[in-house]
Amino acid sequence: MDLLNQLNDKQREAVECTEGPLLILAGAGSGKTRAITFRIAYLMAEKSVDPWNIMAITFTNKAANEMRERVNKVAGMGAEAVWVSTFHSSCSRILRRFADRIGYGNNFTIYDTDDSRTAVKDIIKELSLETKKYSPANIARYISGCKNRMTGPEECAKDARSPEEKNMAEIYRRYNDRLFKNNALDFDDLLIKTVELFKKDSEVLSYYQNRFRYIMVDEYQDTNRIQFEFVLLLAAKHKNICVVGDDDQSIYKFRGADIRNILDFEKHFPGTKVIRLEQNYRSTGNILKAANEVISNNVERKSKKLWTENEEGGLIDMFYYDSAPGEASGVVNSIIKTSHALGVPFHDFAVLYRTNAQSRLFEEQLIYENIPYRIVGAVNFYSRKEIKDVMAYLKTIDNARDDVAVKRIINVPKRGIGGTSIERLDRYASEKGISFYEACAEAEEVPGLGRAAGKIERFVTLIRKLRTIAKEETAAGITEAVINETGYRKELEEENTEEAAERLENIGELVSKARLYDETEGSDGLSGFLQEVSLVADIDSLDENADGVLLMTLHSAKGLEFDHVYIAGLEEGVFPGFRTLWGEDGSEIEEERRLFYVGVTRARKTLSLSMAKSRMMHGETEWHRASLFVEELPAEVVHFHSEGGGRSSYGSSYGSTGRYGTSYGAPAGYGSREGRGGGSQYSGRQPYGGSGTQGHGGTQSAQVPKPSRSAFSYKSFTPSEYKVQKASSLSYGVGDRVKHVKFGEGTVTEIRNQPKDYEVTVDFDRAGTKRLFAAFAKLEKI
DNA sequence: CGTAGTTTTGTTTTT
DNA sequence: CAAAACTACG
């Protein structure tokens with residue numbers, strides 16, 4: 001068939017090998033998604049496999065949607081019936097049908113990280129442990145870690161030696177009990193309980209085994225033990241299991257990903273065929289060379305070498321900035337310059353960083369320069385207070401056993417039900433062995449409530465009323481009812497502030513999302529909506545076609561690619577983070593290196609790296625030296641720039657972070673490399689933005705608007721009158737006096753005609769000399 | 001019970 | 001430095 005002609009030999013081999021266990025080791029940019037997509041199409045078209053007998057597991061919902069679309073394109077109709085989704089949504093779907101077989105209600109609630117933390121916090125209080133040593137976040141992390149290793153509370157208690165460990169195990173035990181009572185599952189439970197269901201109920205298991213005769217798992221290197229178990233059980237019968245992964249891109253060890261799953265796959269499935277995809281179609285030769293070189297420093301890996309037929313491309317840039325604001329400004333200016341020079345849109349650019357906290361400086365700078373941007377992560381739409389509040393109402397309506405949800409909204413909007421009342425209700429509930437909501441329902445029986453009892457009764461009446469409405473209504477209808485009947489809308493309207501308006505807008509957005517869900521085929525009312533919504537990730541709602549520079553963490557960038565990539569904050573202590581530097585375990589540094597490798601291989605055409613010698617971290621200015629990864633780059637493909645011209649002393653003397661006893665520390669050639677690439681055409685001056693660059697950091701924040709929040713699950717910023725349109729001619733010339741909206745008055749010293757715009761150099765009276773693009777700057781002749 | 005003010009705490013990374 | 005959590009007062 002002709003679809004095979006669109007593949008290389010290896011890819012074709014992978015597509016044609018449909019029966020039995022198959023491990024595809026696919027390097028970055030080697031067309032693995034293409035291979036999977038075609039494989040699904042091939043199964044359907046050539047092997048006459050029914051689409052509903054195929055399951056493909058991806059890492060994000062976004063990847064799932066894209067894959068479904070692509071399969072549709074290649075295979076034509078029928079692809080909707082292929083089960084493409086993430087581990088978590090697959091499990092959620094399975095449990096929605098069969099959770100009752102392991103003692104849960106099928107309308108269980110899914111707890112997100114916040115909810116889990118709240119539950120843990122409650123338990124800590126219940127046990128009256130000092131919140132000092134036992135922070136809810138830490139304990140929640142500990143519990144999640146245990147779950148991912150498939151260690152139950154009993155086992156933890158047995159292994160516990162110190163009293164602290166005993167307490168942790170006890171919290172863990174109670175946490176599990178509580179979730180069960182609340183008919184709630186956390187993210188990890190979705191996997192655990194599904195596996196439990198499969199093991200307990202052979203009927204259910206064989207149902208799904210027969211249903212999913214062909215299973216494919218993408219990003220297999222990031223699966224954890226339970227996910228592996230899940231796959232193992234499902235594939236046990238037909239053994240048509242195809243996993244695709246790259247051990248070099250395993251970056252989720254911290255949440256239980258077990259690299260052994262990929263390294264030992266052949267042991268678990270004897271007779272596995274292994275196919276390697278090593279031709280890279282994405283990046284330039286130089287970028288690939290850098291990536292290969294860096295990753296070769298890792299010991300724990302299956303050796304492979306990516307190659308490409310792509311052109312060599314330009315050198316990779318490495319910039320050393322004096323400060324973090326300087327870095328932000330340098331990166332943004334470089335984006336502006338490149339965008340104009342090449343005449344390419346801003347959505348071809350991505351800025352990647354290690355931690356979400358780093359995004360802010362870039363946001364501020366982008367707003368300052370009036371550049372549209374979109375940011376993934378940071379403030380998840382579904383973790384906004386107003387959204388969580390409304391969601392808590394919906395959860396309460398759907399599943400009254402969800403104590404966390406009920407407690408969240410019992411006094412929102414304010415009903416005069418305070419902490420003491422909640423405590424009394426809580427005690428009453430636990431003494432009687434009923435749920436918190438049930439306790440509310442019999443408020444007059446609860447001792448000591450006084451006049452709060454009446455208020456609680458009114459709350460219960462409200463919930464009952466909403467439940468009645470829920471029986472008749474769609475998800476969107478119920479959401480509307482919640483906003484109106486509870487007085488939530490009214491409260492916000494009366495507040496009459498900008499923030500309240502924004503909240504209302506967000507709530508409106510939630511209603512639209514509910515409506516969208518209602519219109520989806522196979523939608524399943526309120527319960528279905530809640531469960532779907534609980535599993536959306538930040539990256540899922542990213543529209544790559546919208547314009548704007550993309551800002552995200554390196555983790556979020558996995559699976560994506562961009563023409564022009566900037567990786568910022570390449571400093572020891574930031575990337576790799578200080579935690580990994582101190583750990584004596586070399587494997588942590590290796591994971592960071594893989595993360596860097598993932599970042600580097602996102603780039604198609606250009607890659608620009610940067611570090612800031614100083615950076616504000618928890619209130620203090622910290623000095624860092626360059627990341628050890630910078631040292632590992634092959635010098636011949638990197639152009640090392642330095643900021644500030646004559647100031648070549650970026651190196652040696654800054655070492656206040658201290659010396660790390662690890663074998664990775666103190667690279668020999670450090671500091672000498674700058675000379676090699678030095679004296680660049682940029683040295684001495686920022687590419688754009690002139691002499692004032694450094695100074696901005698301190699003063700600009702006063703004049704720059706705060707990054708705005710929007711109604712979507714990623715933040716974005718679109719300048720109101722943003723348009724790149726080269727004017728046919730300019731109203732001013734060299735020597736003229738002009739006025740700029742932010743920089744004030746100045747004299748034009750130079751005008752250069754660039755392909756897409758005029759580049760105007762202006763000597764401002766107050767702000768110094770700046771190079772501006774005419775279309776952006778909107779200079780006025782005076 | 002609610003608010004305003006104070007103190008404390010903290011940085012990975014995410015489904 | 002900022003957000004969250006806690007405390008004391010009205």
Side-chain angles (χ1 to χ4, degrees), chain A residues 57-64 85-92 110-114 116-117 121 125 131-132 135-138 140-141 144 147-148 185-192 219 222-224 226-227 250-257 324 352-361 376-380 382-383 385 411 413-423 450-452 455 531-540 552-558 569 573-583 588 591-592 594-596 598-599 615-622 701 706:
Chain A
I57 295 179
T58 55
F59 204 67
T60 61
N61 293 301
K62 178 168 182 282
S85 65
T86 64
F87 274 107
H88 292 271
S89 11
S90 300
C91 290
S92 175
I110 298 170
Y111 276 7
D112 65 16
T113 317
D114 260 7
S116 296
R117 229 174 270 169
K121 199 173 150 193
K125 213 193 276 170
T131 174
K132 274 275 185 205
S135 96
N138 279 339
R141 236 195 313 276
S144 175
K147 287 188 173 183
N148 282 317
L185 301 173
D186 62 24
F187 287 138
D188 306 315
D189 284 339
L190 289 172
L191 271 306
I192 292 174
E219 307 283 9
D222 283 321
T223 53
N224 59 31
I226 322 155
Q227 291 168 333
S250 166
I251 53 173
Y252 283 98
K253 199 175 161 200
F254 72 92
R255 76 173 198 215
L352 311 180
Y353 35 77
R354 180 67 237 268
T355 63
N356 277 308
Q358 288 166 260
S359 68
R360 231 177 79 183
L361 290 169
V376 178
V379 191
N380 186 320
Y382 293 102
S383 46
K385 293 144 227 79
N411 199 30
K414 306 244 175 329
R415 297 191 179 88
I417 305 169
T420 23
S421 300
I422 291 175
E423 226 159 86
R451 57 193 188 287
K455 297 170 182 168
Q531 293 191 27
E532 176 163 306
V533 146
S534 306
L535 296 173
V536 302
D538 293 318
I539 195 83
D540 292 338
M552 69 182 91
T553 62
L554 288 143
H555 281 89
S556 298
K558 188 171 81 153
V574 176
F575 185 26
F578 64 98
R579 285 172 114 97
T580 48
L581 280 169
W582 285 105
E588 292 192 38
E591 172 128 333
E592 295 280 298
R594 288 193 292 270
L595 191 54
F596 183 56
V598 166
R615 179 184 295 275
M616 283 287 258
M617 281 175 101
H618 30 63
E620 285 177 279
T621 303
E622 287 190 9
S701 50
K706 276 249 161 179

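Because only heavy atoms are used, hydrogens play no part in the values below, and waters and symmetry mates are left out as well, while side chains stay in. Per chain, numbering begins at 1; letters A, B, ... match sequence-line order.
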Original post:
Among all residues two or more places apart in sequence or in another chain, which pass the side chain to side chain donor-acceptor pair (under 3.5 Å) test with Glu532(A)?
Top reply: none

**OP:** May I ask you to decide if the ring planes of Tyr252(A) and Phe59(A) are parallel, tilted or perpendicular, using 30° and 60° as cut-offs?
**Re:** tilted

**OP:** Go through the structure and list residues passing side chain to side chain donor-acceptor pair (under 3.5 Å) with Gln227(A), not counting sequence neighbours.
**Re:** none

Original post:
Quick one: Lys253(A) NZ to dT14(B) P, roughly how many Å, whole number?
Top reply: 18 Å

Original post:
In chain order, what residues pass the side-chain contact (heavy atoms from CB on, under 4.5 Å) check against Asp112(A), with sequence neighbours excluded?
Top reply: Asp114(A), Asp115(A), Phe187(A), Lys388(A)

Original post:
Over how many whole Å does the gap from Glu219(A) atom CD to dT15(B) atom C1' extend?
Top reply: 13 Å

Original post:
Looking at side-chain heavy atoms only, is the closest gap between Phe87(A) and Thr223(A) below 4.5 Å?
Top reply: yes

Original post:
At under 4.0 Å between heavy atoms, what does Thr60(A) touch on the DNA or RNA strands: base, sugar-phosphate, or nothing?
Top reply: nothing

Original post:
Sequence neighbours excluded, which residues qualify as side chain to side chain donor-acceptor pair (under 3.5 Å) partners of Thr58(A)?
Top reply: none

**OP:** Tell me the stems DNA chain B sits in, counting at least three consecutive Watson-Crick or G-U wobble pairs, each under 3.5 Å on both distances.
**Re:** B:1-10 with C:1-10

Original post:
Over how many whole Å does the gap from Gln358(A) atom CD to dC1(C) atom P extend?
Top reply: 19 Å

Original post:
What nucleic acid atoms does Phe87(A) come within less than 4.0 Å of, heavy atoms only: base, sugar-phosphate, or nothing?
Top reply: nothing

Original post:
In whole angstroms, how far is the P atom of dT12(B) from the CZ atom of Arg360(A)?
Top reply: 18 Å

Subject >> Atom-to-atom span, CZ of Phe59(A) to C1' of dT13(B) - whole angstrom >> reply: 11 Å

**OP:** Return the 5'-most residue of the pair Asn61(A), Asn138(A) with respect to DNA chain B, ranking by each residue's nearest nucleotide.
**Re:** Asn138(A)

Subject >> Nearest listed nucleotide, side chain of Ser421(A), among dT13(B), dT14(B), dC1(B) >> reply: dC1(B)

Subject >> Short side-chain N/O contact to dT14(B) OP1/OP2 from Ser556(A), under 4.0 Å >> reply: yes

Subject >> 5'-most by nearest nucleotide on DNA chain B - Met617(A) or Gly419(A) >> reply: Gly419(A)

Original post:
Among dC1(B), dT15(B), dT12(B), which nucleotide sits nearest the side chain of Glu592(A)?
Top reply: dT12(B)

Original post:
Taking only side-chain nitrogens and oxygens of Asn356(A), does any of them come within less than 4.0 Å of OP1 or OP2 of dT14(B)?
Top reply: yes

**OP:** Report the distance from atom CD1 of Ile57(A) to atom C1' of dT15(B), rounded to the nearest whole Å.
**Re:** 13 Å

Subject >> Under the side chain to side chain donor-acceptor pair (under 3.5 Å) test, residues paired with Thr86(A) that sit two or more places apart >> reply: Ser89(A)

Original post:
To the nearest Å, how far apart are Phe187(A) CZ and dT15(B) C1'?
Top reply: 5 Å

Subject >> Residue-phosphate contact under 4.0 Å: Asn411(A) side-chain N/O, dG2(B) OP1/OP2 >> reply: yes

**OP:** Using whole Å, report how far CZ of Phe575(A) lies from P of dT11(B).
**Re:** 20 Å

Subject >> Under 3.5 Å donor-acceptor, Asn411(A) side chain and Gly416(A) backbone >> reply: yes

**OP:** Please state whether the phosphate of dT14(B), meaning OP1 or OP2, lies under 4.0 angstrom from any side-chain nitrogen or oxygen of Thr553(A).
**Re:** yes

**OP:** Report yes if the ring of Phe254(A) lies under 5.5 Å from the six-membered base ring of dT12(B) with planes under 30°, and no otherwise.
**Re:** no

**OP:** Among the candidates dT15(B), dT12(B), dT11(B), find the nucleotide nearest to the side-chain atoms of Thr86(A).
**Re:** dT15(B)

Original post:
Distance between the P atoms of dT11(B) and dC6(C), in whole angstroms?
Top reply: 15 Å

